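One is the number of the first residue; the rest follow in order along the sequence. Because the structure is predicted, anything quoted here is derived from the model rather than measured.
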Amino acid sequence: WHMRKRKVPNGHTQGVTCSVYNRMFEILISADEASDVRVWDLNAGRAVLHFSGAHTSESGETVKISAMSLDHTMRRLITGAHDGSVKVWNFSTGVCLKE
C-alpha cells in the first residue's frame, strides 16, 4: 500500500461507492462509479480480482453500483445499481449468477 501517495496498486480509478467486508475469507470487496468491482486480500494488501462493467444499461453504458451485501453464507455478493438493477455474483470468479 502506498499510503504516502494515497494510491493502492491496482486500485479503483473512479470514486468508491460502497464496500463490504467478508470476515470468513478476510477480504474486502469494493465497487466504484464506473461499475468496477475489486476483491482485496487485506493480509497481502492487494487486489486479487477485478471485474468491470458489473452493471450496464441497455445501451451498454456502465451504471454506478450504489449498494452491496453478502448473502447469509458469505459466499455470494449481491450488488445494486443506480438504475434499480440487482445482481448476484460469485465474488471468487466474477461470474454473475443471477440478474
Side-chain angles (χ1 to χ4, degrees):
W1 304 72
H2 301 280
M3 294 310 284
R4 280 197 174 153
K5 297 179 186 176
R6 297 185 184 251
K7 284 189 132 185
V8 177
N10 301 315
H12 290 281
T13 58
Q14 300 289 317
V16 173
T17 57
C18 51
S19 62
V20 64
Y21 177 68
N22 184 317
R23 66 181 182 277
M24 179 186 291
F25 297 110
E26 295 184 342
I27 59 170
L28 179 77
I29 307 166
S30 57
D32 67 21
E33 292 179 356
S35 201
D36 288 351
V37 175
R38 284 183 167 73
V39 179
W40 302 89
D41 178 337
L42 296 181
N43 293 318
R46 64 183 175 89
V48 293
L49 181 68
H50 167 233
F51 49 103
S52 59
H55 286 261
T56 55
S57 66
E58 290 180 11
S59 63
E61 306 247 346
T62 59
V63 179
K64 176 172 72 172
I65 296 172
S66 53
M68 63 171 40
S69 183
L70 296 166
D71 74 346
H72 71 282
T73 68
M74 309 272 302
R75 296 184 181 277
R76 287 184 216 99
L77 174 69
I78 299 111
T79 58
H82 201 68
D83 65 354
S85 60
V86 175
K87 294 185 178 183
V88 179
W89 303 88
N90 176 331
F91 65 82
S92 298
T93 62
V95 172
C96 183
L97 304 172
K98 290 185 181 183
E99 292 190 44

Nearest-0.5 Å distance, SG of residue Cys96 to CZ of residue Phe51: 9.0 Å
Within-4.5 Å side-chain heavy-atom neighbours: Arg38 and Asp36: yes
Modelled atom types, side-chain donor and acceptor of His55 and Thr62, under 3.5 Å: no
Check: Tyr21 and Glu26 side chains under 4.5 Å, non-hydrogen atoms: yes
Within one Ile-Leu-Val-Met-Phe-Trp-Tyr cluster: Phe25 and Ile29, side-chain cutoff 4.5 Å: yes
Hphob cluster co-occupancy, Val20 + Ile27, side-chain heavy atoms under 4.5 angstrom: yes
Arg76 and Leu70: CA distance, side-chain angles, deciding distance, side chain to side chain contact (heavy atoms under 4.5 Å, CB included) verdict: CA-CA 6 Å; Arg76 287 184 216 99; Leu70 296 166; over 6 Å; no
Pairwise distance CG(Leu49) to OG1(Thr93) - rounded to 0.5 angstrom: 7.5 Å
Nearest-0.5 Å distance, OG1 of residue Thr17 to NE2 of residue His82: 10.5 Å
From Ser35 atom OG to Lys87 atom NZ, the distance as rounded to the nearest 0.5 Å: 7.0 Å
Side chains of Gln14 and Lys64 in contact at under 4.5 Å (non-hydrogen atoms): no
Cys18 versus Ser66, closest heavy-atom pair with distance: SG-C, 4.1 Å
Side-chain heavy-atom pair Ser57, Val63 within 4.5 angstrom cut-off: yes
Gap between atom CE of Met74 and atom CZ of Phe91 - 0.5 Å precision: 7.5 Å
Student check: side-chain heavy atoms of Asp71 and Ile78 closer than 4.5 Å: yes
Shared hydrophobic cluster, Leu77 / Val88 (ILVMFWY, side-chain heavy atoms < 4.5 Å): no
Beyond-backbone contact of Val37 with Ile65, side-chain heavy atoms, under 4.5 angstrom: yes
Connected via hydrophobic side-chain network under 4.5 Å: Leu97 and Val86: yes
Distance-minimising heavy-atom pair for Ser30 and Trp40: OG-NE1, 2.8 Å
Atom pair OG/CD of Ser85 and Glu99 - distance to nearest 0.5 Å: 8.0 Å
Check: Val95 and Trp89 side chains under 4.5 Å, non-hydrogen atoms: no
